[in-house]
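Below is one structure, written out as structure tokens; comments come after it.
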Amino acid sequence: MLSSQLQHSPQDKKHAQLRNNWLEEEITALFGLPFNDLIHQAHTTHRRYFDANEIQLSTLLNIKSGGCPEDCAYCPQSLRYSTDIEESPLMEVEQVINSAKAARQNGATRFCMGAAWRSPKEKDFKKVLEMVEAVKSLGLESCATLGMLTQEQADRLKASGLDYYNHNLDTSPEYYKHIISTREYEDRLNTLSHVRKSGLNVCCGGIIGMGENVADRAKLLQTLANLEKHPESVPINMLVRVEGTPLGQTDAIAPLEVVKTIAVARIMMPSSYLRLSAGRNEMTEELQALCFYAGANSVFFGERLLTTDNPQQEKDLELFGRLGIKLKT
Ligand code: SAM
Ligand code: DTB
Ligand code: SF4
């Protein structure tokens with residue numbers, strides 16, 4: 001046996017294959033493959049890194065709803081748009097604990113707390129740290145999405161026991177200006193860099209179906225995969241078109257484009273959890289099954305996302321049962 005073979009375990013070998021130098025033309029070529037070739041490659045890649053019949057469940061809780069000063073064109077929680085979301089104060093720690101207990105009871109392994117903030121203020125932030133500690137003590141993985149973070153805030157979240165921080169790039173650098181004007185793409189990258197440096201796991205993805213083209217989807221995935229380290233978790237949200245938001249009347253994305261985006265993401269970031277995130281309530285079970293085949297291996301589980309509906313838990317469990325998919329413990 002060669003000495004180089006002796007030094008590397010199969011796991012090392014797999015990870016040595018992770019790339020962060022993807023070229024746009026390579027990604028465009030993946031999107032241009034015949035559908036069967038693309039999902040075959042994605043599924044084969046998926047099996048090299050994961051049990052193809054296992055799914056990870058995260059449950060979301062909106063700990064601070066509405067009244068957000070940002071102008072994200074997709075978001076019902078922005079105070080700039082007239083949706084029926086009322087502003088609510090930051091939840092009490094006790095209430096968060098009760099929701100987290102229920103999530104654990106129902107089979108979720110991760111509990112994700114979302115707040116409609118541009119960035120957290122000190123008084124609220126302290127309370128969130130308490131929530132993180134409480135969730136952790138229940139034996140759940142914890143995740144938070146609170147907007148932009150300084151390095152100090154990221155470090156304090158890590159010290160309080162947080163496992164993941166979710167902060168999405170949302171779309172390509174080029175399309176971004178059509179979606180948000182109140183913060184720059186660069187601001188998002190800076191927050192991601194603070195999160196990475198703090199030692200937290202990174203949960204970062206985007207939204208498809210906002211009127212972007214395939215090149216924008218390719219560039220979003222390129223930006224994600226070419227980060228110094230791939231995000232451990234990549235949520236792919238399909239736009240939930242909420243009346244009253246600027247994107248409320250956008251044409252629905254073609255279902256097979258969702259599958260193709262998942263497949264390309266799986267090929268580019270083979271060891272990351274890929275979450276089929278917002279939009280499942282409008283997807284058929286067949287479309288979801290194809291997404292799982294193409295490499296999606298995580299979902300949000302629970303009847304609500306932040307402000308919009310998600311499939312009923314019993315329906316999800318029934319679907320996983322029929323597909324022979326077991327829950328990650
Ligand atoms: N306010 C924080 C922020 O924006 O960073 C955290 C919460 S925010 C609601 C989290 C993410 O939810 C957004 O970045 C976006 O990707 C996703 N999201 C919000 N509204 C959505 C919608 N209508 N459809 C799909 N995804 C949505
Ligand atoms: C993510 O990527 N998707 C979740 C979570 N991270 C915070 C949010 C989806 C929100 C969908 C619209 C709503 O329910 O308000
Ligand atoms: Fe605010 Fe987040 Fe909604 Fe943007 S996505 S408006 S930052 S809650």
Side-chain angles (χ1 to χ4, degrees), residues 58-81 83-88 90 110-121 124 128 142-149 153 164-171 176 179-185 187-192 194-195 202-212 220 224 231 233-250 252-253 258 265 273-283 296 298-311:
S58 293
T59 293
L60 270 173
L61 179 68
N62 203 3
I63 57 171
K64 156 69 181 73
S65 181
C68 183
E70 301 291 279
D71 69 353
C72 311
Y74 47 77
C75 187
Q77 301 199 77
S78 166
L79 55 73
R80 298 168 193 243
Y81 313 132
T83 61
D84 50 18
I85 306 300
E86 298 282 325
E87 177 164 9
S88 71
L90 180 59
R110 192 176 308 159
F111 189 69
C112 179
M113 294 164 276
W117 291 326
R118 172 181 165 83
S119 54
K121 308 240 179 343
D124 295 328
V128 174
S142 58
C143 177
T145 180
L146 317 169
M148 294 187 284
L149 294 184
Q153 287 173 323
Y164 286 79
Y165 194 77
N166 167 242
H167 196 66
N168 291 336
L169 287 173
D170 281 350
T171 188
Y176 186 82
I179 305 297
I180 297 141
S181 78
T182 48
R183 76 171 88 151
E184 304 295 318
Y185 210 74
D187 295 323
R188 292 188 183 252
L189 291 168
N190 286 339
T191 291
L192 291 172
H194 298 151
V195 172
V202 174
C203 172
C204 181
I207 309 178
I208 57 175
M210 298 194 294
E212 77 287 343
L220 165 66
L224 291 168
S233 167
V234 179
I236 302 294
N237 294 277
M238 191 181 77
L239 174 70
V240 182
R241 295 165 296 162
V242 181
E243 218 178 296
T245 63
L247 297 181
Q249 304 300 320
T250 310
I253 186 172
V258 181
Y273 273 85
L274 256 187
R275 185 171 310 118
L276 184 60
S277 300
R280 282 198 309 119
N281 211 31
E282 293 169 46
M283 291 180 194
S298 165
V299 293
F300 284 122
F301 183 66
E303 271 125 58
R304 290 300 271 167
L305 290 166
L306 292 174
T307 66
T308 64
D309 290 341
N310 198 40

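Ligands are counted one by one from 1 in listed order, and the atoms in each one are counted from 1 as well. Owing to the predicted nature of the structure, the values given are computational and were not obtained by experimental measurement. In this chain, residues are counted from 1 in sequence order.
Contacts with ligand 1 closer than 4.0 Å are made by side-chain heavy atoms of His167 only, the backbone lying farther away. When non-hydrogen atoms are compared, ligand 1 lies under 4.0 Å from the side chain of Asn237 (C-beta onward) but not from its backbone. At a heavy-atom cutoff of 4.0 Å, ligand 3 is contacted by the side chain of Arg183 but not by its backbone.
Here the heavy atom of the protein found nearest to atom 4 (O) of ligand 1 is Arg183 NH2, 4.1 Å. Looking only at heavy atoms of the protein, atom 8 (S) of ligand 1 is closest to Leu306 CD1, 4.5 Å. Atom 5 (O) of ligand 1 has as its closest protein heavy atom Gly147 CA, 3.6 Å. Closest protein heavy atom to atom 6 (C) of ligand 1: Thr145 OG1, 3.2 Å. Shortest contact from atom 12 (C) of ligand 2 to any protein heavy atom: Thr308 OG1, 3.6 Å. Of the protein's heavy atoms, Val240 N, 3.0 Å lies nearest to atom 24 (N) of ligand 1. Atom 16 (O) of ligand 1 has its closest protein heavy atom at Asp170 OD1, 2.7 Å. Of all protein heavy atoms, the one lying nearest to atom 4 (Fe) of ligand 3 is Cys72 SG, 2.3 Å. Counting protein heavy atoms only, atom 21 (C) of ligand 1 is closest to Tyr74 CD1, 3.6 Å. Closest protein heavy atom to atom 27 (C) of ligand 1: Ile207 CD1, 3.7 Å. Here the heavy atom of the protein found nearest to atom 5 (C) of ligand 2 is Phe300 CZ, 3.6 Å. In this structure, atom 1 (Fe) of ligand 3 lies nearest to the protein heavy atom Cys68 SG, 2.2 Å.
Residue contact check: Met238 has heavy atoms under 4.0 Å from atoms 25 (C) of ligand 1. Taking every non-hydrogen atom of Trp117 and a distance limit under 4.0 Å, the qualifying atoms of ligand 1 come out as 1 (N), 2 (C). Within the listing of ligand 3, atoms 5 (S) sit less than 4.0 angstrom from a heavy atom of Tyr74. Residue Pro235 approaches ligand 2 through these ligand atoms, each under 4.0 Å from one of its heavy atoms: 2 (O). Close contacts of ligand 3 with Ala116, meaning ligand atoms under 4.0 Å from a residue heavy atom, involve 8 (S). Of all atoms in ligand 2, listed by their number and element, those nearer than 4.0 Å to a heavy atom of Asn168 are 1 (C), 2 (O). Each of the following atoms of ligand 2 lies closer than 4.0 Å to a heavy atom of Thr145: 7 (C). Each of the atoms 13 (C), 14 (O), 15 (O) of ligand 2 lies under 4.0 Å from some heavy atom of Thr307. Less than 4.0 angstrom separates some heavy atom of Glu70 from each of these atoms of ligand 3: 1 (Fe), 4 (Fe), 6 (S), 7 (S). Every atom of ligand 1 with a heavy atom of Asn168 under 4.0 Å away is listed here by number and element: 11 (C), 14 (O), 15 (C), 16 (O).
Put simply, the residue from Arg118, Arg188, Arg80 that forms a salt bridge (charged side-chain N to carboxylate O under 4.0 Å, His left out) with Glu70 is Arg118. Of the residues listed (Pro235, Pro231, Cys204), the one engaging Asn166 in a side-chain contact (heavy atoms from CB on, under 4.5 Å) is Pro235, and it is the only one. Of the options Thr59, Asp309, Asn310, a side chain to side chain donor-acceptor pair (under 3.5 Å) to Arg304 is made by Asp309 and by none of the others.
Within the structure, the closest approach of Cys72 to ligand 1 does not fall below 4.0 Å when heavy atoms are considered. Under a 4.0 Å heavy-atom criterion, Arg241 is not in contact with ligand 1. Look at Gly114 and you'll find every heavy atom at least 4.0 Å from all atoms of ligand 1.
Judged purely by atom type and a 3.5 angstrom limit, Ser58 has no side-chain atom pairing as donor or acceptor with the backbone of Phe300. Between the side chain of Thr245 and the backbone N or O of Val242, at least one donor-acceptor pair lies under 3.5 Å. In this structure, Tyr273 contributes its side chain and Cys203 its backbone to no donor-acceptor pair below 3.5 Å.
The option from Asn166, Asp170, Ile207 that lies nearest to atom 6 (N) of ligand 2, judged by heavy atoms, is Asn166. Which of Asn237, Leu306, Val234 comes nearest to atom 3 (N) of ligand 2 through a heavy atom is settled by distance: it is Asn237. For atom 7 (C) of ligand 1, the choice among Ala115, Ala278, Pro235, Ser65 with the nearest heavy atom turns out to be Ala115.
A 4.5 Å side-chain heavy-atom check between Leu169 and Leu192 finds at least one atom pair inside the cut-off. Inter-residue side-chain proximity for Leu276 and Met283 is flagged as met; some heavy-atom pair is nearer than 4.5 Å. A 4.5 Å side-chain heavy-atom check between Asn237 and Leu305 finds every atom pair outside the cut-off. Within the 4.5 Å cutoff, side-chain heavy atoms of Asp71 are placed close to those of Ile180.
Taking 2.8 Å as the threshold, Cys75 counts as a candidate ligand of atom 3 (Fe) of ligand 3, since one of its N, O or S atoms lies below it.
Distance CD/Glu212 to OG1/Thr250: 9.5 Å, rounded to 0.5 Å. Considering CG of Asp124 and NZ of Lys64, their distance stands at 8.5 Å, rounded to 0.5 Å.
Atom 12 (O) of ligand 1 lies below 4.0 Å from none of the non-hydrogen atoms of the protein.
The number of heavy atoms from other shown groups lying within 6.0 Å of CD (Glu87) is above 12.
Under the 3.5 Å distance criterion, with hydrogens and angles disregarded, a donor-acceptor pair is assigned to the side chains of Asp170 and Tyr74.
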